[in-house]
Amino acid sequence: MSATQPGLLVTGLPRSGTSWVGKMVEAGRQVVYVNEPLNVRHPPGRSPGVLDADVTHRFQYICADNEDVWLRAFRRTLALRYGVGRELRRNRAPYDIARMVKYATAFTTGRLRGRRAMLDDPYALMAVPWLAEKFGVRSVVLVRDPVSLVGSYRKLGWHISLDELLGQPLLTRDLLADHVDELREAAAKEDEIHTTALLWRVVYDVVDRVHRHVPGVLVRRYEDFAMRPEEEFGALYAHFGLNFDEQARAQVVAATTAGEQDSQRGFVRSGTSKTAFRPMDSKQALAAAQNRLSAEDAARVVAITGDVLDRFRPAGTAA
């Protein structure tokens with residue numbers, strides 16, 4: 001990886017549109033797509049061929065105090081150096097072998113063609129400042145409306161453990177000191193709506209206070225990509241230093257204006273990365289997502305996310 005061609009990162013809380021945005025960036029044929037190397041689950045994480053370091057928590061925090069192993073690991077990943085031997089020592093199932101071949105080929109081909117590593121990883125959210133400082137990684141942090149995000153988690157039956165944050169002393173010391181008591185109190189309860197909304201508020205408070213001020217970091221609302229895909233993706237390509245050519249533009253249009261027939265078929269594009277995106281009418285999908293919670297539950301989410309939500313509202317929008 002040359003100094004003038006840094007790696008790229010698409011991040012934000014899970015279900016904030018990172019896979020969709022990442023695939024639209026990949027459509028420009030100028031990057032190598034790397035799916036969630038900091039995910040604690042295998043797959044897609046715990047793949048030493050891709051990232052040779054042991055992830056201990058979702059939203060892994062990396063800083064000067066724990067960076068030794070991460071420096072070496074990310075140096076290889078961002079330089080598109082795949083570790084075949086490392087991968088074979090850990091993962092040998094048929095699916096793992098297929099995935100290894102895919103990534104080893106993509107890394108080598110991409111490196112030879114001068115492409116850049118692009119990490120699509122919501123679990124890299126707390127590593128954004130470190131990646132920017134140490135490697136010059138350029139990032140986009142996606143912010144999705146909390147009512148839609150909580151509704152998506154409920155639809156999928158996702159359980160959020162706040163211990164993923166509380167179990168990282170360096171993270172609580174550096175970024176979450178003002179939230180620790182509230183996080184501990186919420187972690188002791190079984191209230192999924194409150195827990196997920198609190199996660200949103202705490203994470204995006206950090207994004208607003210810290211990430212916004214890091215060179216090379218762009219903070220954008222998922223809803224803006226859905227409402228104005230050509231304009232927003234054009235701006236994102238420019239931020240990443242990529243060419244938003246006609247083929248990339250056509251891919252974006254096709255992925256955001258799918259007809260009803262495609263939606264009824266449940267057409268999903270995916271592969272061994274375990275990442276999928278569904279061609280959709282992005283404006284209609286945005287409206288539907290707002291209706292997954294009752295009015296009462298939606299009001300709870302807005303009350304919990306409070307002033308942090310106000311910081312991400314478009315200018316001139318009433319609370």
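Counting begins at 1 with the first residue of the sequence. Bear in mind the structure is a predicted one, so any value in this text is a computation, not a measurement.
- For Q30 (side chain) and N243 (main-chain N/O), a donor-acceptor pair under 3.5 Å exists by modelled atom type.
- No salt bridge links R76 with D52; every basic N to acidic carboxylate O contact stays at or beyond 4.0 Å.
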- Message: Under the criterion side chain to side chain donor-acceptor pair (under 3.5 Å), I'd like the reasoning laid out for R144 against S16: C-alpha separation, chi angles, the key distance, then a yes or no.
- Response: CA-CA 5 Å; R144 186 178 183 182; S16 61; over 6 Å; no

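- A search for salt bridge (Lys or Arg N to Asp or Glu O under 4.0 Å) contacts involving R220 returns E232, not counting sequence neighbours.
- Listed by first and then second residue, the ring-ring contact (aromatic ring centres under 6.0 Å, His included) pairs involving residues 138-158 are Y153-W158 (not counting sequence neighbours).
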- Task: Determine, stepwise, if the pair D307 / R201 fulfils salt bridge (Lys or Arg N to Asp or Glu O under 4.0 Å).
- Result: CA-CA 9 Å; D307 68 315; R201 180 161 70 85; 5.3 Å; no

- Evaluation steps, side-chain contact (heavy atoms from CB on, under 4.5 Å), between V128 and L9: CA-CA 8 Å; V128 166; L9 171 65; 3.8 Å; yes

- Worked check of side chain to side chain donor-acceptor pair (under 3.5 Å) between Q168 and T172: CA-CA 6 Å; Q168 301 188 67; T172 57; over 6 Å; no

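- Listed by first and then second residue, the ring-ring contact (aromatic ring centres under 6.0 Å, His included) pairs involving residues 164-201 are W200-Y204 (not counting sequence neighbours).
- Ion pair E296/R300 not flagged as a salt bridge, since none of the NZ, NE, NH1 or NH2 atoms sits closer than 4.0 Å to an Asp/Glu carboxylate oxygen.
- By the salt bridge (Lys or Arg N to Asp or Glu O under 4.0 Å) test, D54 pairs with R90, sequence neighbours left out.
- R313 has no carboxylate O lying under 4.0 Å from a charged side-chain N of D145, or vice versa, which leaves the two without a salt bridge.
- Less than 6.0 angstrom separates the ring centroid of F233 from the ring centroid of F225.
- In this structure, R209 pairs ionically with D205, as a charged nitrogen and a carboxylate oxygen lie closer than 4.0 Å.
- Between Y61 and W130, the distance from one ring center to the other does not fall under 6.0 angstrom.
- Applying the salt bridge (Lys or Arg N to Asp or Glu O under 4.0 Å) criterion to R115, with sequence neighbours excluded, gives no partner residue.
- Ring planes of Y82 and Y103: parallel class, angle under 30° (limits at 30 and 60°).
- The shortest distance between side-chain heavy atoms of S139 and L131 does not fall below 4.5 Å.
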- Message: Between R116 and L242, is the side-chain contact (heavy atoms from CB on, under 4.5 Å) condition met? List the steps.
- Response: CA-CA 10 Å; R116 298 155 69 185; L242 303 173; 3.8 Å; yes

- Query: Do D120 and T18 pass the side chain to side chain donor-acceptor pair (under 3.5 Å) test, and can you show the C-alpha distance, the side-chain angles, and the key distance before you say yes or no?
  - Reply: CA-CA 6 Å; D120 161 22; T18 60; 3.2 Å; yes

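- The nearest pair of heavy atoms linking L13 to P122 is C-CB, 4.0 Å.
- Ion pairing of D96 with R46 is absent here, as no side-chain N (NZ or NE/NH1/NH2) approaches a carboxylate O to less than 4.0 Å.
- Transitive grouping of hydrophobic side chains (ILVMFWY, heavy atoms separated by less than 4.5 Å) brings L156 and Y123 into a common cluster.
- Distance alone, capped at 3.5 Å, is enough to place a donor-acceptor pair between the D245 side chain and the A248 backbone.
- Among residue pairs with one or both ends in residues 126-143, those qualifying as salt bridge (Lys or Arg N to Asp or Glu O under 4.0 Å) are E67-K134; sequence neighbours excluded.
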- How far apart are the C-alpha atoms of R29 and Q247, what are their side-chain angles, what is the distance that settles it, and do they pass the side chain to side chain donor-acceptor pair (under 3.5 Å) test? CA-CA 9 Å; R29 310 173 319 283; Q247 181 170 333; 3.3 Å; yes

